[in-house]
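Note on naming: letters A, B, ... go to the chains in the order of the sequence lines (proteins, then strands), and numbering restarts at 1 for each one. Nothing here was measured: the structure is a model prediction, and the numbers come from that model.
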Protein chains: 2
Amino acid sequence: MVKHRISLKDIAKELGVSISTVSRGLRDHPDISDEMIVRIKELAELRNYSPNPMAMGLLKQRTRMIGVIVPDLVTHFFSSVISGIEEVAKEKGYFVIVSPSNESFLKEKENIGNLMKARVEGFIVCLSQETTDYSHFEQIIEAEIPLVFFDRVCLKEKVPSVTADSFEAARGITHHFYENNARRIAYISGPDHLNISDERRMGYLQGLADCGLEFRPEYLQKCDLSTASAAMATRRLLILPAPPDAIFGINDTVVFAAMKEIRNFGLTVPKDILLVGFTDEFHATVVNPMLTSVMHPTNEMGKVAASLFFELTDNVGFPPKSVELKTKLVIRESSVRK
Amino acid sequence: MVKHRISLKDIAKELGVSISTVSRGLRDHPDISDEMIVRIKELAELRNYSPNPMAMGLLKQRTRMIGVIVPDLVTHFFSSVISGIEEVAKEKGYFVIVSPSNESFLKEKENIGNLMKARVEGFIVCLSQETTDYSHFEQIIEAEIPLVFFDRVCLKEKVPSVTADSFEAARGITHHFYENNARRIAYISGPDHLNISDERRMGYLQGLADCGLEFRPEYLQKCDLSTASAAMATRRLLILPAPPDAIFGINDTVVFAAMKEIRNFGLTVPKDILLVGFTDEFHATVVNPMLTSVMHPTNEMGKVAASLFFELTDNVGFPPKSVELKTKLVIRESSVRK
DNA sequence: GAACTTTCCGCAAAGGTTTGCGCAAAGCAT
DNA sequence: ATGCTTTGCGCAAACCTTTGCGGAAAGTTC
């Protein structure tokens with residue numbers, strides 16, 4: 001059992017005053033004399049007093065905790081978004097509890113249930129790839145608990161969100177491929193219901209149309225964001241009679257897996273196939289050749305998500321905002337033909 | 001403000017019984033009749049009641065939260081360790097609050113201060129690379145709060161810990177290099193005060209001695225675990241009059257940075273330089289050539305750390321345990337010469 | 001000197017839950 | 001009928017902090 005922690009009662013007893021005097025003294029209440037305030041603060045400091053958040057929480061019905069649900073931990077993308085969230089949250093005196101769903105719908109629901117039980121004051125969420133049923137979010141909305149989505153979002157008419165300009169980014173990639181003499185351009189997508197999959201697919205189609213290229217269904221392959229299924233999607237492209245001469249994937253991890261498969265096939269990047277990813281992970285510059293990728297303003301995404309969150313507590317009843325941040329294509333070796 | 005949550009009082013009022021009856025009924029107390037228990041549970045379920053953790057916490061001085069401090073989020077290593085911790089913690093009805101220190105001593109201290117304020121029931125910690133002053137941990141020990149270290153550890157005589165067999169692993173790497181005809185073997189270390197740095201260095205030295213190779217100080221370069229300093233350490237090796245023909249690094253991220261530097265230098269792996277890393281990240285199989293690395297039983301490390309944590313609450317006063325887990329060298333292209 | 005005002009404290013209720021202990025009613029033994 | 005035991009509840013204290021409001025003592029005004 002933990003040693004007894006110092007409470008207002010202990011301070012009060014030692015100073016020979018009441019608990020309410022100590023409580024007010026620590027908060028510079030005008031009813032308390034300056035002399036008394038000094039005595040109280042000095043002793044509190046000496047005794048290493050800090051208020052008990054459970055008592056405060058019980059009284060004010062506040063935990064000062066925000067639940068953040070991400071589908072994956074091990075990417076710079078999410079790490080940087082979380083950093084942005086924490087920066088804004090900390091300014092407001094809030095904790096962030098990160099709960100990875102590991103791309104599992106059931107785990108996502110379970111995490112939300114657990115965080116509800118822990119009485120977090122609200123949620124900032126990026127959907128798992130399996131999530132198509134949003135009823136667990138409807139319950140949060142129903143309970144009037146603040147909720148914000150980022151990157152992979154849903155219920156935009158009810159919940160504020162911050163995303164990236166995926167459509168334009170995918171369109172830009174397709175243009176970039178075309179400008180590097182690629183004519184058989186493929187896209188390895190994720191699950192259809194994810195807004196990022198769909199927006200990138202639409203951008204890809206628009207890009208093809210822009211360049212006067214015909215859409216070929218066999219050049220649009222899906223995977224479930226695992227490296228194994230990404231490898232299989234790549235294989236399906238490579239064994240085509242007229243395999244693609246350029247491929248982009250829904251994120252860098254998918255493209256890393258594609259890169260392995262291309263190499264296993266005895267082909268080389270960029271000579272045989274141009275390659276581009278999304279999210280610009282650290283390893284984009286480690287792999288050989290270095291990977292062209294779409295850089296997201298991830299830290300800003302986190303900050304915007306947290307700002308939207310705090311705006312919610314101030315502005316109940318306003319229509320939810322949707323913020324779209326601009327991305328940038330970082331061109332490296334993998335997508336350039338001399 | 002959040003809508004009113006259902007409390008025992010509400011259930012009691014609706015059933016026309018007392019709060020203590022409802023409280024006991026929900027817990028199958030023998031003083032409460034079976035009939036009453038059924039009525040109470042049915043209504044609680046219908047009203048979606050869940051106990052308020054702040055009230056419980058105030059009463060029992062428990063938060064059911066464990067603070068987990070890791071130096072870095074974006075590696076499969078830490079992600080998998082955290083998974084192991086969470087698995088055991090969840091079995092015990094506990095939450096895990098993950099606080100990354102981002103390899104910063106000050107951030108580590110701040111995180112601990114914040115988690116103390118949040119009244120987590122204890123800590124499971126992996127040291128930041130900057131940590132040489134352990135007074136913030138001494139304070140935890142002093143307060144009789146459970147504390148366990150993993151991977152990068154300190155205060156082993158006071159605090160239970162779980163590590164990997166770094167000495168044997170480094171020794172094995174050195175042997176492996178030797179068996180692949182490397183004779184100028186280098187090690188890119190981390191900060192000296194980290195046990196993993198030191199143990200791997202000792203294993204390296206032992207391995208050199210085993211193979212009848214002379215230790216050359218210029219083949220032992222240090223970095224601070226950032227990719228920039230890893231690149232510089234690599235450069236210092238490459239510009240030597242007799243540069244190494246094999247290099248291993250303290251972790252995969254360091255080795256990925258080395259890989260880039262070697263390529264920038266116009267050299268190739270493994271033809272010119274054999275390469276090996278630690279922690280066997282996912283990208284070890286993406287990079288070309290695929291990287292040989294030391295695989296750690298990370299999920300088990302997490303489970304052992306959490307088990308040690310819960311043992312602490314049961315067995316106060318016992319000498320702290322030190323568990324060392326076995327690693328495995330996964331041999332791939334980067335360290336094999338035909 | 002009396003009446004009124006100001007200063008600077010303290011009491012106790014409240015948040016939600018657990019639990020020691022008390023009590024009324026029913027059951028049982030003599 | 002009486003006395004004892006068992007059953008099945010309820011009361012209220014406790015955890016820690018904030019805060020509305022009350023009150024004693026000092027200060028001010030007439």
Which listed nucleotide (C/dT17, D/dT17, D/dT19) is nearest to the side chain of A/Lys60?
D/dT19
Give the rounded distance in Å between these two atoms: CD1 of B/Ile40 and P of D/dG8.
13 Å
Passing candidate, salt bridge (Lys or Arg N to Asp or Glu O under 4.0 Å) with A/Lys158, options A/Glu144, A/Glu138, A/Glu142
A/Glu138
Which of the following nucleotides, D/dT18, D/dG10, C/dC11, is nearest to the side chain of A/Met56?
D/dT18
Just so I know, are the side chains of A/Ser50 and B/Arg119 near enough to count as touching, which here means a heavy-atom distance under 4.5 Å?
yes
Nearest 0.5 Å, please: how far is OG in B/Ser79 from CG in A/Asn102?
6.5 Å
Minimum heavy-atom separation for B/Asp151 to B/Asn195, with atom names?
O-ND2, 3.0 Å
Give a yes/no on whether any side-chain N or O of A/Lys9 is located under 4.0 angstrom from OP1 or OP2 of D/dA14.
no
Listed nucleotide nearest any side-chain atom of A/Val17, set D/dC16, C/dT18, C/dG10
C/dG10
Atom CG of A/Leu58 and atom C1' of D/dC15 are separated, to the nearest Å, by 9 Å
When rounded to whole Å, the CZ to P distance for the pair B/Arg119 and D/dC15 reads 15 Å
State which of C/dG10, D/dT19, C/dG16 makes the closest approach to the side chain of B/Leu59.
C/dG16
Between A/Ser7 and B/Ser18, name the one whose nearest nucleotide on DNA chain D is closer to the 5' end.
B/Ser18
Just the rounded figure in Å: distance from C1' of C/dC8 to NE2 of A/His29.
11 Å
How close or far is atom C1' of D/dT19 from atom CG of A/Asp28, stated in whole angstroms?
16 Å
Per-helix bend value, the helix from C/dG1-D/dC30 to C/dT30-D/dA1, C1' rotation axes over five pairs per end, 10° rounding, shows 60°
What contact category does A/Ser20 fall into here, base, sugar-phosphate, or nothing, at under 4.0 angstrom with non-hydrogen atoms?
base
A/Ala55 side-chain proximity, nearest of D/dC16, C/dT17, C/dG15
D/dC16
Beyond-backbone contact of A/Asn52 with B/Gln61, side-chain heavy atoms, under 4.5 angstrom:
yes
We want to know whether B/Ser101 and B/Ser128 form a side-chain donor-acceptor pair, criterion being a heavy-atom distance below 3.5 angstrom.
no
Carefully, step by step, assess B/Ser135 and B/Asp133 under the rule side-chain hydrogen bond (donor to acceptor under 3.5 Å, both in side chains).
CA-CA 6 Å; B/Ser135 54; B/Asp133 169 7; 3.0 Å; yes
Picking from B/Phe149, B/Phe105, B/Phe123, what satisfies ring pair (Phe, Tyr, Trp, His ring centres under 6.0 Å) with B/Phe137?
B/Phe149
Taking atom types as they are modelled, is there a donor-acceptor pair under 3.5 Å from the base of C/dG10 to the side chain of A/Arg24?
yes
Answer with base, sugar-phosphate or nothing: what part of the nucleic acid does B/Ser23 contact at a heavy-atom distance below 4.0 Å?
base
To the nearest Å, give me how far apart CG (A/Leu8) and P (C/dA12) are.
18 Å
Nearest to the side chain of B/Gln61, which nucleotide is it out of D/dC15, C/dT17, D/dC9?
D/dC15
Looking only at side-chain N and O atoms, does B/Ser33 come under 4.0 Å of OP1 or OP2 in D/dC9?
yes
Sugar-phosphate, base or nothing in reach of B/Met54, heavy atoms under 4.0 Å
nothing
What integer distance in Å separates A/Asn52:CG from C/dG16:P?
17 Å
Quick one: does A/Asp31 reach the base of C/dC8 with a side-chain donor-acceptor pair under 3.5 Å?
no
A/Tyr49 side chain N/O closer than 4.0 Å to the phosphate oxygens (OP1, OP2) of D/dT17?
yes
Value in whole Å for how far the P atom of D/dT17 lies from CZ of A/Arg62:
18 Å
